[in-house]
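Quick notes on the structure that follows.
What you see is a predicted model; the values in this text were computed from it and never measured. Starting from 1, each residue takes its place in the sequence as its number.
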Amino acid sequence: MLFKNPYLNIPETLFYSIQVDINEFTLDEEIIETSIILGFIRFDVHSLKELEGQTFTFPINPVDGHIDGSIHLFGFDLPFDVNKIELKTISSNSIDVTLYYSIYLEYINTGYANISDGVLKTNLQFGQLTIHRDIHPDSFNADYCKKIVSRLISIEDLGEPEIVSGQVKFKMQPH
């Protein structure tokens, strides 16, 4: 998503998010359906193809530049800290990734120990880039948003923009 906040002195920045749906499992005789949600990820690339073969390291929350991560378990959103992401091969509209993480299960006294030094290998589908109307309310149209976005990412990696519910959305498609 394209984000800015002049009150916090955050310029227009392209942030990535990741959602990893976890296969259903049983925990304490309860069937669990959950996802790992990671947001406000900064990758210093101008083209999606540049992600291939890269490794990015991140500080842990609350240090600036951390990934805002959580997993919903036991009725709560538990901290899910990712300190490294390895991006492997791009094929079609997806990329193989390895996440290095910690889950703070003791955060709410679950009776389970924290998980540190966890490793998750998965394949992620490229989604869409979203620009909300409040980013540029006076000039909010698809052509203007293409111009803004082209400063942050190769326009060749994006499909034609669509305006949906007050947002401009671009399908991400690496070239």
Checklist outcome for this item: In short, L158 meets M172 closest at the heavy-atom pair CD2-CG, 4.0 Å
Checklist entry - Sequence neighbours excluded, which residues qualify as side chain to side chain contact (heavy atoms under 4.5 Å, CB included) partners of T34? => result I22, F25, I32, I71, H72, L73
Checklist entry - Crowded around D44 CG? As in, over 12 foreign heavy atoms under 6.0 Å? => result no
Checklist entry - Between G69 and L38, what is the shortest heavy-atom contact and its length? => result CA-CD2, 3.7 Å
Next on the checklist: Any non-hydrogen side-chain atom of F74 less than 4.5 Å from a side-chain atom of Y112?
Outcome noted: yes
Checklist entry - Where is the tightest heavy-atom contact between R42 and D64, given as atom of each residue plus distance? => result NH2-OD1, 3.8 Å
Item to check | Atom CD of Q173: over 12 foreign heavy atoms under 6.0 Å | outcome: yes
Item to check | Nearest-0.5 Å distance, CG of residue L129 to NZ of residue K169 | outcome: 10.5 Å
Checklist entry - Ignoring hydrogens and geometry, is there a side-chain-to-backbone donor-acceptor pair from T110 to I108 under 3.5 Å? => result no
Item to check | Side chain proximity check, P174 to N93, heavy atoms < 4.5 angstrom | outcome: yes
Next on the checklist: Please say yes or no: joined through hydrophobic side-chain contacts below 4.5 Å, possibly via intermediate residues, are V20 and F40 part of one cluster?
Outcome noted: no
Checklist entry - Could you walk me through whether V97 and T122 pass the side chain to side chain contact (heavy atoms under 4.5 Å, CB included) check? => result CA-CA 6 Å; V97 301; T122 190; 3.6 Å; yes
Checklist entry - Looking at P161 and A142, what are the two nearest heavy atoms and their distance? => result CG-CB, 3.6 Å
Item to check | Flag side-chain contact, heavy atom, 4.5 Å: E160 against K146 | outcome: yes
Next on the checklist: Would you compute the distance between atom CD of E52 and atom NZ of K88 and round it to the nearest 0.5 angstrom?
Outcome noted: 11.5 Å
Next on the checklist: Main chain of S70, side chain of D77: is a donor-acceptor contact present, judged purely on distance under 3.5 Å?
Outcome noted: no
Item to check | Closest non-hydrogen atom pair, N141 against I163 | outcome: CA-CD1, 4.3 Å
Next on the checklist: Are there over 12 heavy-atom neighbours, none belonging to N9, within less than 6.0 Å of that residue's CG?
Outcome noted: no
Next on the checklist: The test is side chain to side chain contact (heavy atoms under 4.5 Å, CB included); show your working for Y104 and L78 and say whether it passes.
Outcome noted: CA-CA 6 Å; Y104 297 97; L78 300 177; 5.9 Å; no
Item to check | CD1 on I18 to CD on Q125, rounded to 0.5 Å | outcome: 13.0 Å
Checklist entry - Checking E86 side chain against T98 main chain: does a donor-acceptor pair fall under 3.5 Å? => result no
Checklist entry - Is the backbone of E106 close enough, under 3.5 Å, to the side chain of N114 for a donor and an acceptor to pair up by distance? => result yes
Checklist entry - Using the ring of each side chain (for Trp, its six-membered ring), is F43 parallel, tilted or perpendicular to Y16, with breaks at 30° and 60°? => result tilted
Side-chain donor-acceptor contacts of residues 55-63 below 3.5 Å, not counting sequence neighbours, with atom names and distances?
none

Checklist outcome for this item: NE2 of H132 to OG1 of T130, rounded to nearest 0.5 Å, is 6.0 Å
Checklist entry - If two hydrophobic side chains count as joined below 4.5 Å and joins carry through other members, does F15 share a cluster with L99? => result no
Checklist entry - Do you reckon L14 sits in the same ILVMFWY cluster as L124, going by side-chain contacts under 4.5 Å, direct or chained? => result yes
Checklist entry - Taking the side chain as C-beta and beyond, is there a heavy-atom pair between I67 and I85 under 4.5 Å? => result yes
Item to check | Expected output: side-chain D28 to main-chain E30 donor-acceptor under 3.5 Å | outcome: no
Checklist entry - Is it the case that more than 12 heavy atoms not belonging to Q54 sit under 6.0 Å from its CD atom? => result yes
Item to check | Inter-residue atom distance D134.CG - F3.CZ, 0.5 Å rounding | outcome: 9.5 Å
Item to check | Joint hydrophobic cluster, L152 plus M1, side-chain heavy atoms closer than 4.5 Å | outcome: no
Checklist outcome for this item: For K49 and I90, the nearest pair of non-hydrogen atoms, with its separation, is CA-CD1, 3.9 Å
Checklist entry - Just how far is it from atom CG of D96 to atom OG1 of T89, taken to the nearest 0.5 Å? => result 6.0 Å
Checklist entry - Got a donor-acceptor contact below 3.5 angstrom from the S35 side chain to the I37 backbone? => result no
